[in-house]
Amino acid sequence: MWLREELLKSIWHAFTALDVDQRGKVSKSQLKVLSHNLCTLMKIPHDPVALEEHFKNDDQGLLSNQGYMPYLNRFILDKVREDFDVVEFNKMCWTLCYKKNICIKNLLISEDNAFKIWCIFNFLSEDKYPLVIVTEEIEYFLRKLIEAVGSGWSEEMFTDYKLQLNTKRNCLTAWELIELVGMGYFSKGINRQTLSLGISEVFQELILDVLKQGYMMKKGHKRKNWTERWFVLQPNSLSYYVCEDLVEKRGDIILDPNCCVESLPDRDGKKCLFIIKCTDKKKWIQAIQTSIQLLRLGLLPPHREARLRRRELRQRQQMKVAAKAAVEEHRRRKTQLDLQDRYRLDLEREKMVRQQMEEQVAQKSSELEQYLQRMRELEDMYHRLEEALEDERQAKQDEEAMRKLQARLLEEESAKRAELELIHLQQQRALSQTETEKQELVAEQLAKERDLQAAMLQLERLERERQGALEHYEEVSRKLERAANKTKTWKDKVAKHEGLVRLIQPGHKGPQRITNWGPASFTDAELEIRKKSWQESRNQGAQAQ
């Protein structure tokens, strides 16, 4: 019994050829012709009424492959018997499709050889549509073809071709397989006739189920003479021809479960169907016994069993690969989850560190703001000091008489200068300490820079603001230094002895006194004391003269 899947493959090629628009639809008139031809070749009574009934609701439109399959299964494939010519069936489907897919003139093989390769493709292809043949079946076919022509198989050449095939789809269509054989890629150095014989031998073995073929001597039924015939053994028959071209068939020996074969001695007069002419006659006996045994057990021919085993092996390998891929995927997902947990912990730790850094930066910013406030207060004090210095310069111009008094105060001024220098050193140490804190902060920021790139953007902004404050502070410091250089001798005088710089106290409502030191610089008592002191020093100078 022909397998439904093998018949469907040839019909699929014919249906695809009729599908001009490649939309999976064929017109009803074309399906009628195709159905009629299939029924004729398979010796099935054609029922056109059933086709019309099946598609009675769609008389004018296109019919889909899904719509035609129920009819094909019910009215054609379910009625298939073994007594039809499968080669003619395949030729009809081949005729409908080959001209639209390949040009035989460009190949080294004939149209008949291309048809045989097409049939072999349908036999070895996967039971999936669109039909393709996988790498393992390609190698199986090519090995058989090379062995049939008597040439050596090149494993290296096929490995290179397999690498090229893997870069595409790892499979071939029927027309690509025909082109591969027709271009002579694996049959270099083999003439066309030898290649044709090799294709025919593989076709007979795989498609026609030829288990063995060769010349033997046959004794006639009527005339008891011995004649050499070409015998072809198939699972259910032993056919014999005049010669190996299989043109003139002389008869068939039908094999059934009741048949048997025995090895008879080589002598005339014994009733036998054939006598082995070759030296090893047990090969024929064993082959015939195998064929009968297969019929008794209801098994498929050996090459069909081998094809099923190869497919089962590929399926098991695919299942192993899928299981391995699933395990690998599980391992990969587990690793990914572990990495995600680790990254989440690192991110939380980084957030904590960043928060700590932000708190430290906020604290440093607060300290910097306080420091800048102190700098602003100091700057304001220095502005007031400059105003006082300006008054001092004016007083120096008006009070030339006070030069002697200033000379007496030089010694005290030196002490005050030392004190001022001490204050200046303290200021320098404060500046140095501030610079050290700045360097420590910068070093700490650099150490945390890899982990806190996002926080550094805000830190850089704060750093720029702090840098501007420091520059402003340096500018104030320079002004203070310039002011200090201008008032080296004046500060002690004014601050301690003469009281030129002091807080302005509210005065009485009486008339103000104006002296050389300015308005209301001294009280009346102080002025009287200074006046007496000045008068005494004047009298002493006069007496000394």
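Between the side chain of S35 and the backbone N or O of K32, no donor-acceptor pair lies under 3.5 Å. In terms of modelled atom types and a separation under 3.5 Å, the side chain of K43 and the main chain of F84 share no donor-acceptor contact. Here the side chain of T335 pairs a donor or acceptor atom with the backbone of R331 at under 3.5 angstrom. In this structure, S151 contributes its side chain and I146 its backbone to no donor-acceptor pair below 3.5 Å. With hydrogens and angles disregarded, a donor-acceptor distance shorter than 3.5 Å links the side chain of Q234 to the backbone of L208.
The aromatic rings of H46 and H36 stand perpendicular to each other, their planes meeting at an angle above 60°, with 30° marking the opposite boundary. Using cut-offs of 30° and 60° on the angle between ring planes, the pair W175 and H13 is perpendicular. Using the six-membered ring where Trp is involved, Y240 and F231 have ring planes that are tilted, between 30° and 60° apart. In this structure, F158 and W153 have tilted ring planes: the angle between them lies in the 30° to 60° band. Relative ring orientation between W94 and Y98 is described as parallel, the plane-to-plane angle staying below 30° on a 0-90° scale split at 30° and 60°.
Using a 4.0 Å cut-off between a side-chain N of Lys or Arg and a carboxylate O of Asp or Glu, R333 and E329 qualify as a salt bridge. Between K334 and D338 there is no salt bridge, since no side-chain N of the basic residue sits under 4.0 Å from a carboxylate O of the acidic one. A salt bridge does not link E5 with K9: every distance from a Lys NZ or Arg NE/NH1/NH2 to an Asp or Glu carboxylate oxygen is 4.0 Å or more. Salt bridge annotation for E139-R143: present, with a cationic side-chain nitrogen under 4.0 angstrom from a carboxylate oxygen.
In summary, the side chains of T40 and N37 do not present any donor paired with an acceptor at a separation below 3.5 Å, with no hydrogens or angles considered.
Taking SG of C97 as the start and CD1 of I102 as the end, the distance is 10.5 Å to the nearest 0.5 Å. Interatomic distance, C171 SG to E137 CD, rounded to the nearest 0.5 Å: 12.5 Å. Note: Y140 OH to I133 CD1 = 11.0 Å, rounded to the nearest 0.5 Å.
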Side chain to side chain contact (heavy atoms under 4.5 Å, CB included) for E201 and Q213? Distances and angles first, verdict last.
CA-CA 10 Å; E201 182 177 341; Q213 56 183 340; 4.3 Å; yes

Verify side chain to side chain contact (heavy atoms under 4.5 Å, CB included) between L31 and Y71, making sure each step is shown before the conclusion.
CA-CA 11 Å; L31 288 180; Y71 171 82; over 6 Å; no

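With sequence neighbours excluded, the residues forming a side-chain contact (heavy atoms from CB on, under 4.5 Å) with T159 are E155, listed by chain and number.
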